[in-house]
Amino acid sequence: MELKREYVNGMNEQGDFDPRSPPPFRIADIRAAIPKQCWIKNPWRSMSYVFRDVSVVFALAAAAVYCNNWLFWPIYWFAQGTMFWAVFVLGHDCGHGSFSDNAILNSVVGHILHSSVLVPYHGWRISHRTHHQNHGNVENDESWVPLPENIYKKLDTSTRLLRFTVPFPLFAFPVYLWYRSPGKEGSHFNPYSNLFSPQERKLVMISTACWSTMAIILAYVSFTVGPSHMFKLYGIPYLIFVIWLDLVTYLHHHGHEQKLPWYRGKEWSYLRGGLTTVDRDYGLFNNIHHDIGTHVIHHLFPQIPHYHLVEATKAAKPVIGKFYREPKKSGAVPFHLINNLITSLAQDHYVSNSGDIVFYRTDLNLFKLLSLAKSE
């Protein structure tokens with residue numbers, strides 16, 4: 001195969017590393033390097049994180065109700081929104097089966113955690129499984145997948161501006177749950193969506209029912225305490241949670257300093273797609289949101305519990321070599337990632353309609369449209 005003759009161990013003829021090159025190792029080699037204890041799931045340890053996070057959520061809500069002043073509310077909003085995000089991550093682990101080996105426990109805990117933050121557990125779990133099985137594949141990936149040029153050019157001006165102008169993409173998740181992404185059809189709430197097989201429809205119905213129950217509870221509490229107070233207690237933290245989710249998931253697959261490839265057809269493989277994901281350092285938030293930034297190994301082996309990801313990554317790095325991109329060290333707060341986000345949204349707009357290895361291209365006219373919109 002021609003591509004393999006051009007690259008040796010990821011190096012081109014000039015001796016520079018090229019991320020398009022086929023890796024000189026197998027996924028089995030990475031698996032063999034990871035210590036056996038990293039594969040062990042401890043349901044008691046997993047539940048301890050649930051108790052920790054839920055306790056913090058209720059403590060913060062109680063403190064907000066008790067203090068009820070405008071000095072405390074902004075602190076509460078950010079802290080509680082961050083905890084909503086942490087709760088979501090634990091539900092995400094349930095969906096992968098990395099929470100425990102007990103499918104019933106995973107489903108019960110996953111439904112409680114995800115419904116509490118208005119996410120349909122099975123609907124999202126199934127689409128997220130599709131994302132993991134097809135990561136890095138232009139045609140089949142599910143999450144933050146690049147648009148081919150022909151689909152991109154069909155988007156109206158307002159959609160393009162919303163999709164690529166901060167802060168609008170950071171509020172995309174609820175829209176994605178209802179309508180998916182441009183170029184794709186279906187809903188995470190509709191059991192007859194093409195996201196799901198006929199065998200999965202009952203599961204989706206259960207999750208949609210749980211989501212609806214949570215929505216009814218929120219409406220009742222809002223009627224009882226008043227919509228303004230409910231918006232402060234739950235609404236704004238929910239929006240902070242959405243920002244966290246969109247920021248983190250986007251930067252796991254975009255915004256690296258070096259352009260990374262996306263694949264089609266015969267050039268795609270599970271290993272090559274997984275190696276295009278990016279680890280991120282979130283400073284003091286690493287522990288709070290359960291090391292979700294340790295993402296490369298998670299994508300290749302989603303069954304590894306989050307509390308073993310750092311150890312597993314350390315063991316796998318010598319095998320992965322230059323195909324692993326060391327994350328930039330963060331201070332206490334990962335302000336450096338804001339620049340990665342803004343730069344990527346300004347440059348990463350679409351990919352070519354053809355080719356089995358493609359990179360993002362930039363729509364230079366988009367900036368002219370944005371300038372015109374600001375001037376009006």
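- Note that the CD1 atom of Ile297 and the CG atom of Asp291 stand 13.5 Å from one another [nearest 0.5 Å].
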*Step by step, would you call Val278 with Leu260 a side chain to side chain contact (heavy atoms under 4.5 Å, CB included)?*
CA-CA 10 Å; Val278 180; Leu260 298 179; 3.7 Å; yes
*What do the steps show when you test Tyr324 against Val319 for side chain to side chain contact (heavy atoms under 4.5 Å, CB included), and what is the final call?*
CA-CA 9 Å; Tyr324 178 79; Val319 176; over 6 Å; no
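- Residues Phe164 and Tyr179 share a single hydrophobic cluster, defined by chaining ILVMFWY side chains whose heavy atoms lie under 4.5 Å apart.
- Between the side chain of Thr362 and the backbone N or O of Gln347 there is at least one donor-acceptor pair closer than 3.5 Å.
- In terms of hydrophobic clustering, with Ile, Leu, Val, Met, Phe, Trp and Tyr side chains grouped at heavy-atom distances under 4.5 Å, Leu245 and Tyr176 are assigned to a common cluster.
- Heavy-atom minimum distance, Arg272 versus Ser21: NH2-C, 4.0 Å.
- If you run side-chain contact (heavy atoms from CB on, under 4.5 Å) between Leu345 and each of Thr165, Val166, Leu170, only Val166 comes through.
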*Intermediate values then yes/no, ring-ring contact (aromatic ring centres under 6.0 Å, His included), His131 and His135*: CA-CA 5 Å; His131 165 55; His135 46 210; 7.1 Å; no
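- Electrostatic pairing of Asp356 and Arg264 does not count as a salt bridge here, judged by no charged N lying under 4.0 Å from a carboxylate O.
- We find that Asp279 and Arg325 are not joined by a salt bridge, their nearest charged nitrogen and carboxylate oxygen being 4.0 Å or further apart.
- Between His92 and His298, the two ring planes are tilted [angle within 30° to 60°].
- Between Glu200 and Arg129 a salt bridge is recorded (basic side-chain N to carboxylate O distance below 4.0 Å).
- At distances below 3.5 Å, not a single donor-acceptor pair connects side-chain atoms of Ser98 with backbone N or O atoms of Pro305.
- Counting all heavy atoms, side chain and backbone alike, Gly97 lies closest to Lys41 at O-NZ, 2.9 Å.
- Side-chain atoms of His308 come within 3.5 Å of backbone N or O of Gln37 as a donor-acceptor pair.
- Remark: aromatic rings of His295 and His253 are close, center separation under 6.0 Å.
- The backbone N or O of Tyr282 sits less than 3.5 Å from a side-chain atom of Asn286, completing a donor-acceptor pair.
- Judged purely by distance below 3.5 Å, without hydrogens or angles, the side chains of Asp156 and Ser158 pair a donor atom with an acceptor atom.
- Taking both residues in full, the closest heavy atoms of His336 and Ser330 are given as CE1-CB, 3.3 Å, listed atom of the first, atom of the second, then distance.
- For the atom pair CD of Gln80 and CZ of Phe58, the computed distance is 9.5 Å after rounding to the nearest 0.5 Å.
- Between Ser344 and Tyr250, some side-chain heavy-atom pair lies under the 4.5 Å cut-off.
- Between the Thr130 side chain and the Ile126 main chain, a donor and an acceptor come within less than 3.5 Å of each other.
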Kindly list each side-chain donor-acceptor pair under 3.5 angstrom involving residues 235-244, sequence neighbours excluded, with atom names and distances?
| from | atom 1 | to | atom 2 | distance (Å) |
| --- | --- | --- | --- | --- |
| Trp244 | NE1 | Thr82 | OG1 | 2.9 |

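- For the atom pair Leu247 CG and Leu251 CG, the distance stands at 5.0 Å (nearest 0.5 Å).
- Annotation: the span from Trp211 atom CH2 to Met214 atom CE amounts to 10.5 Å, rounded to 0.5 Å.
- Both Phe78 and Leu341 belong to a common hydrophobic cluster when Ile, Leu, Val, Met, Phe, Trp and Tyr are linked at side-chain heavy-atom distances under 4.5 angstrom.
- Looking only at atom types and distance, the side chain of Asn340 has no donor-acceptor partner in the side chain of His256 under 3.5 Å away.
- With salt bridges taken as basic N to acidic carboxylate O contacts below 4.0 Å, one links Glu326 and Lys317.
- In summary, Arg361 and Asp348 do not engage in a salt bridge, as defined by a charged side-chain N under 4.0 Å from a carboxylate O.
- Summarising the geometry of Leu71 relative to Pro74, their closest heavy-atom pair is O-CD, 3.8 Å, with the distance given to 0.1 Å.
- Rounding to the nearest 0.5 angstrom, the gap separating the CZ atom in Arg31 from the SG atom in Cys38 is 12.5 Å.
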*Given Asp101 and Asn106, is the side chain to side chain contact (heavy atoms under 4.5 Å, CB included) satisfied, shown in steps?*
CA-CA 8 Å; Asp101 287 320; Asn106 293 339; over 6 Å; no
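- A donor-acceptor pair under 3.5 Å links the side-chain atoms of Thr277 to the main chain of Gly274, judged by distance alone.
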*Let me see the working for Lys153 and Arg160 under side chain to side chain contact (heavy atoms under 4.5 Å, CB included), right down to the final yes or no.*
CA-CA 9 Å; Lys153 289 187 174 180; Arg160 293 190 202 182; 4.1 Å; yes
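- Closest non-hydrogen pair, Val351 versus Phe359, comes out as CG1-O, 3.7 Å.
- Once rounded to the nearest 0.5 Å, the distance linking NE2 of His114 with SG of Cys210 reads 12.5 Å.
- Remark: the backbone N or O of Asp363 is not paired with any side-chain donor or acceptor of Tyr152 at under 3.5 angstrom.
- Side-chain atoms of Ser115 never come within 3.5 Å of backbone atoms of Leu118 as a donor-acceptor pair (strictly under, hydrogens ignored).
- Taking 4.5 Å as the limit, every side-chain heavy atom of Val248 sits out of range of all side-chain heavy atoms of Arg280.
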Ignoring hydrogens and angles, write down the donor-acceptor pairs under 3.5 Å from the side chains of residues 220-234, residues two or more places apart or on other chains.
| from | atom 1 | to | atom 2 | distance (Å) |
| --- | --- | --- | --- | --- |
| Thr224 | OG1 | Tyr220 | O | 2.9 |
| Tyr234 | OH | Ser116 | O | 2.7 |

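- Listed for the Ser127 side chain is a donor-acceptor partner under 3.5 Å among the backbone atoms of Trp124.
- Within 6.0 Å of the NZ atom in Lys202, the count of heavy atoms belonging to other residues, nucleotides or ligands does not exceed 12.
- In this structure, Phe72 places its CZ atom where more than 12 heavy-atom neighbours from other residues, nucleotides or ligands lie under 6.0 Å away.
- Proximity of the aromatic rings of Tyr49 and His306 is defined here by a centroid distance below 6.0 angstrom, and this criterion is met.
- The minimum heavy-atom distance between Trp268 and Gly273, with the atom names listed, is NE1-CA, 4.0 Å.
- Not one N or O on the side chain of Asn134 forms a donor-acceptor pair closer than 3.5 Å with the backbone of Asn137.
- Ring-centre distance between His111 and His122: below the 6.0 Å cut-off.
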*Which is it for His132 and His96 under the ring-ring contact (aromatic ring centres under 6.0 Å, His included) test, yes or no, and what are the steps along the way?*
CA-CA 10 Å; His132 269 258; His96 280 301; 4.4 Å; yes
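- Annotation: Phe88 is not in aromatic contact with His289 [ring centroid separation under 6.0 Å not met].
- Ring orientation note: the planes of Trp262 and His254 are tilted relative to one another, at an angle of 30° to 60°.
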If you look only at distance, which donor and acceptor atoms sit under 3.5 Å apart when one is on a side chain in residues 180-187 and the other is two or more places apart or in another chain?
| from | atom 1 | to | atom 2 | distance (Å) |
| --- | --- | --- | --- | --- |
| Arg180 | NE | Glu142 | OE2 | 3.2 |
| Arg180 | NH1 | Glu185 | O | 2.4 |
| Arg180 | NH1 | Asn194 | OD1 | 3.1 |
| Arg180 | NH2 | Glu142 | OE1 | 2.6 |
| Lys184 | NZ | Asp141 | O | 3.1 |
| Ser187 | OG | Trp178 | O | 3.2 |
| Ser187 | OG | Phe189 | N | 3.1 |

